[in-house]
Asks: 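Below is a structure I'd like to ask you about.
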Amino acid sequence: MSESNSTNVSTRSWRDIPQQVKPRTMGREGKKRLVLGFGNIVGVLLLVAASAWGVYELVHLWDTNPTRITSPTKGVPVRDFTVRTDGVLDKAWVQRTLDLAKSASLMELDLIKLKGRLEESGQVSKAVIERRFPDILVVTLQERTPVARIMARIGDASPVVFVISRDGMVYSGFGYNVEMTEALPFIDGVKLVREGAGFSRIDGMDVVADLLGTAQVDAPLLYRSFKVVSLARFGLDRTLIVKSSEVEVITFGSSQDSFYKQLARLDYIIAETRRQNAPGQLKSVNLSLGVKQVPISFEPPTPVNEPKRGSGLNFFRTAAPTSTPSFFAPSRNTSPSKREF
Amino acid sequence: MSSRTKFIGAVEIGTSKVSVLIGELSQGSLHIIGVGECQSRGVIKGAVVDFRAASEATHTALMAAEQKAGTRIDEVYLAQTGGHLEGFYNEASVNVSSADNLVSAPDIDTVCRLAKAKKLPDGRLVVHHLRRPFRLDGRNVPDPEHLVGQRLEAGYWTVHGVESMIAAQLHVIRGFNVRVAELILSSLASGAMLATAEEKQNGVLVIDVGAGTTDFVLYRDGCAQITGVVPVAGSHLTNDLSLGLRVTDGQAEKLKLRFGRGTVTTKDRNEKVWLNGDFAIGDRQFSRHSIEQITAARTTELFEVVRKKLGPAFSPEKTAAGIILTGGTANLPGLDEAAARVFGVQVRLGEAPSWVTENLRDPSFTSVLGLLHYGISSRTELSAPRRRSRTPGWVQKLFASA
């Protein structure tokens with residue numbers, strides 16, 4: 001064939017044979033496959049339609065009344081609580097505080113509101129509430145630890161003892177050991193301000209907590225003698241005034257020296273006073289001035305045949321301690337020469 | 001080609017049996033995962049004469065293969081054979097259009113279109129256009145693009161068949177509600193499976209002797225030059241034995257399988273063989289020499305018909321790689337000797353490649369294995385330059401099944 005020949009001759013191919021077949025001419029297996037094929041299409045179309053309808057309903061519900069989204073699970077009430085805590089609160093307290101209705105369902109609960117209810121008590125610093133389907137509420141608590149007590153009167157009611165945590169939170173305190181709470185010193189020199197159902201936080205409690213914590217660990221006898229810690233001058237010169245059974249007024253400075261050294265000095269002074277048979281009881285010890293000066297004063301001696309020993313004011317200069325019966329110096333600082341009293 | 005997994009069914013609706021293989025095509029690699037066979041009914045010499053019977057047999061084989069594979073076929077590659085298939089060669093030439101005589105893609109397109117543009121008689125359809133090597137100024141070139149020359153020639157061997165017969169086979173498959181993706185000549189499928197590229201380059205004739213038809217393809221210069229179908233094959237040997245020995249077709253088939261040969265080797269004319277060998281009533285003795293004589297005569301005649309059909313296109317000198325025999329009847333002893341006598345070249349029985357499992361190594365599976373091989377490689381070539389369809393595969397599959 002040459003180039004001059006017509007090029008528009010169309011040759012029909014086997015592919016031009018239509019492959020559509022009517023179902024009645026199909027075999028049994030062919031018909032079965034056809035039905036399955038249509039079934040697949042119908043199934044997929046139904047699935048797509050159902051998904052679209054579901055999405056539409058959900059969006060519509062969200063736009064109009066979001067609370068109804070929880071309605072399908074209304075029928076399952078909360079059956080039990082699981083409480084995890086690092087403190088003393090128990091399941092009964094959680095149940096009382098949350099105060100859930102008996103018919104309350106898991107999905108119906110407003111977890112943010114419940115969390116607020118737990119944290120409102122003051123004793124709980126952080127609460128995490130989880131739903132464990134189908135009907136368990138899991139409550140995880142992080143509790144505050146009390147470091148001091150305070151007496152407060154709400155309205156005309158009689159005064160009530162509250163406890164204060166390191167972060168200054170004032171709260172009633174539940175489930176604590178009575179001996180432990182009664183051993184806590186009182187806080188003085190602060191003005192409590194009502195805030196909501198409780199009180200506003202007290203500034204400087206972290207410093208108080210440091211002092212009391214150091215005393216509790218390193219000088220437990222001194223700690224037990226502390227009765228009141230006053231924050232009256234904390235705002236002025238950051239000093240803490242402690243009233244104890246041993247010394248009427250002890251002034252601790254929070255900015256110059258560590259509480260550990262100040263407590264060691266106090267311990268030495270008390271011991272030395274006893275050793276020298278001081279004429280009166282120690283009235284005041286001021287540890288806030290640093291290592292050079294520790295002004296102390298004594299109660300006036302009883303006038304019965306006792307010779308007068310100068311004024312009531314005296315200054316202790318550096319001297320090596322002989323014994324520290326109530327102070328446990330750590331092993332890393334046992335050398336007397338290094339204890340800068 | 002799509003990267004998703006596709007399950008392809010290779011179907012050969014033969015005169016004696018219907019064979020189905022299921023190939024799992026994934027990432028360009030093919031794994032055969034299912035085989036189905038069924039005795040053929042309603043098919044004579046490769047043509048469907050009883051649609052219902054042929055459909056039942058084919059669907060049974062398809063179902064068996066699907067059950068073994070545990071999956072459903074996505075599409076089918078169908079083997080095509082039958083006496084209605086014919087071929088002709090047509091060529092065209094064009095002058096290279098560019099001023100610098102550099103052959104361009106439009107030149108190639110034009111010459112190919114011209115070579116394929118020959119009107120077929122009414123009622124006939126093209127099954128294959130098999131291109132021979134391009135010729136540029138008289139020399140063979142595999143790809144003329146960007147070569148310099150003045151005259152470009154292309155030639156196609158066009159295989160065509162009767163529309164109604166092709167449609168009948170397609171509808172048998174469509175009756176199973178699976179689309180026919182490729183229609184492949186049985187001889188090409190066998191050739192693709194058995195002949196190496198080197199043999200095709202040197203010249204090789206592949207003859208697939210089935211039950212109802214004998215398909216052949218002659219390769220030279222790396223391309224299929226001539227294909228053909230002869231409606232004479234194994235069933236004729238059976239028929240001749242039946243007539244010659246006056247036995248039933250079933251008995252003749254048994255004798256053929258047990259004692260038939262492509263050449264006569266038994267010298268003793270008095271040597272007898274038993275029909276059944278069970279000494280039961282009705283068991284008879286036949287001369288072994290007679291059986292061999294009948295089968296050998298028919299075998300020789302079969303190869304002579306093939307040689308006559310090939311005409312001058314075949315010459316021993318240009319068929320250096322010889323002849324490869326395959327198909328169910330190739331199991332007949334001495335068939336290779338008979339072919340060698342007729343064609344005058346070396347003959348060997350086709351052997352499936354090493355990756356083919358033992359149960360598929362029989363010559364009767366060659367063409368159905370070749371269907372997968374040829375179909376996938378030809379589709380890869382065709383689809384390579386095309387853009388990948390953006391329609392997701394599962395959507396196509398979903399709607400194709402309905």
Side-chain angles (χ1 to χ4, degrees), chain A residues 1-64 66 69 72-73 133-134, chain B residues 51-52 55-56 58-60 62-63 66 72-73 78 80 90-95 110-111 113-120 122-129 151 155 158 160-161 163-164 166-167 169-183 394-395 397-402:
Chain A
M1 187 184 280
S2 70
E3 194 178 353
S4 58
N5 284 1
S6 168
T7 60
N8 57 3
V9 177
S10 61
T11 51
R12 290 180 66 222
S13 160
W14 69 270
R15 291 184 194 277
D16 297 324
I17 298 172
Q19 290 200 35
Q20 284 78 31
V21 178
K22 289 176 184 169
R24 65 183 168 79
T25 59
M26 278 186 185
R28 197 172 47 190
E29 184 60 21
K31 283 175 187 165
K32 195 173 148 191
R33 291 168 69 98
L34 188 72
V35 170
L36 272 175
F38 277 119
N40 277 347
I41 292 173
V42 171
V44 168
L45 289 178
L46 281 176
L47 197 71
V48 169
S51 306
W53 179 74
V55 168
Y56 168 77
E57 278 294 319
L58 209 63
V59 170
H60 181 68
L61 208 60
W62 189 261
D63 285 345
T64 54
I69 292 174
T73 53
F133 291 97
Chain B
F51 184 80
R52 187 177 291 273
S55 292
E56 277 176 12
T58 308
H59 296 176
T60 305
L62 280 164
M63 277 193 288
E66 281 192 340
R72 286 173 63 185
I73 297 169
L78 180 62
Q80 190 60 41
N90 191 42
E91 63 181 6
S93 59
V94 292
N95 290 325
T110 305
V111 76
R113 201 173 63 249
L114 286 169
K116 287 193 273 190
K118 186 171 182 182
K119 194 167 169 30
L120 297 174
D122 287 342
R124 296 192 76 85
L125 298 173
V126 171
V127 178
H128 281 290
H129 281 299
R151 192 155 187 82
T158 301
H160 55 96
E163 181 176 353
S164 59
I166 296 170
Q169 290 216 348
L170 291 182
H171 290 153
V172 166
I173 301 298
R174 283 300 293 158
F176 196 67
N177 199 24
V178 188
R179 191 179 68 91
V180 177
E182 287 291 333
L183 198 68
W394 68 271
V395 175
K397 189 176 178 177
L398 180 74
F399 285 91
S401 61

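Remember, predicted model here, so these are calculated numbers, not experimental data. Letters A, B, ... mirror the listed sequences (proteins, then strands); counts begin at 1.
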Asks: State which residues pass side-chain hydrogen bond (donor to acceptor under 3.5 Å, both in side chains) with B/H59; sequence neighbours excluded, sorted by chain then number.
Replies: none
Asks: Between B/E91 and B/K116, is the closest basic N to carboxylate O distance under 4.0 Å?
Replies: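 Salt bridge: no.
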Asks: Counting only non-hydrogen atoms closer than 4.5 Å, does B/E66 touch chain A with its backbone (N, CA, C, O), its side chain (CB onward), both, or neither?
Replies: side chain
Asks: Go through it in stages, so that I can follow the logic: the residues are B/L125 and B/L120, the test is side chain to side chain contact (heavy atoms under 4.5 Å, CB included), and I'd like the CA-CA distance, side-chain angles, deciding distance and then a yes or no.
Replies: CA-CA 7 Å; B/L125 298 173; B/L120 297 174; 5.6 Å; no
Asks: Who among B/A167, B/G155, B/G175, B/G161 has the most heavy-atom pairs with chain A under 4.5 Å?
Replies: B/G175
Asks: In terms of heavy-atom pairs under 4.5 Å, which option from B/V178, B/V180, B/V172 contacts chain A the most?
Replies: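 Looking at each option in turn, the highest pair count goes to B/V180.
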Asks: Would you mind checking which part of B/E163 comes under 4.5 Å of any heavy atom in chain A, side chain (CB onward), backbone (N, CA, C, O), both or neither?
Replies: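 Both backbone and side chain.
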Asks: Using atom types as modelled and distance alone, determine if a side-chain donor or acceptor of A/R15 lies under 3.5 Å from a backbone N or O of B/E182.
Replies: no
Asks: Who are the side-chain hydrogen bond (donor to acceptor under 3.5 Å, both in side chains) partners of B/T158, not counting sequence neighbours?
Replies: B/H129
Asks: Examine whether an atom of B/L183 lies under 4.5 Å from a heavy atom of chain A, and if so say whether it belongs to the side chain, the backbone or both; otherwise answer neither.
Replies: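 Both parts, heavy atoms under 4.5 Å.
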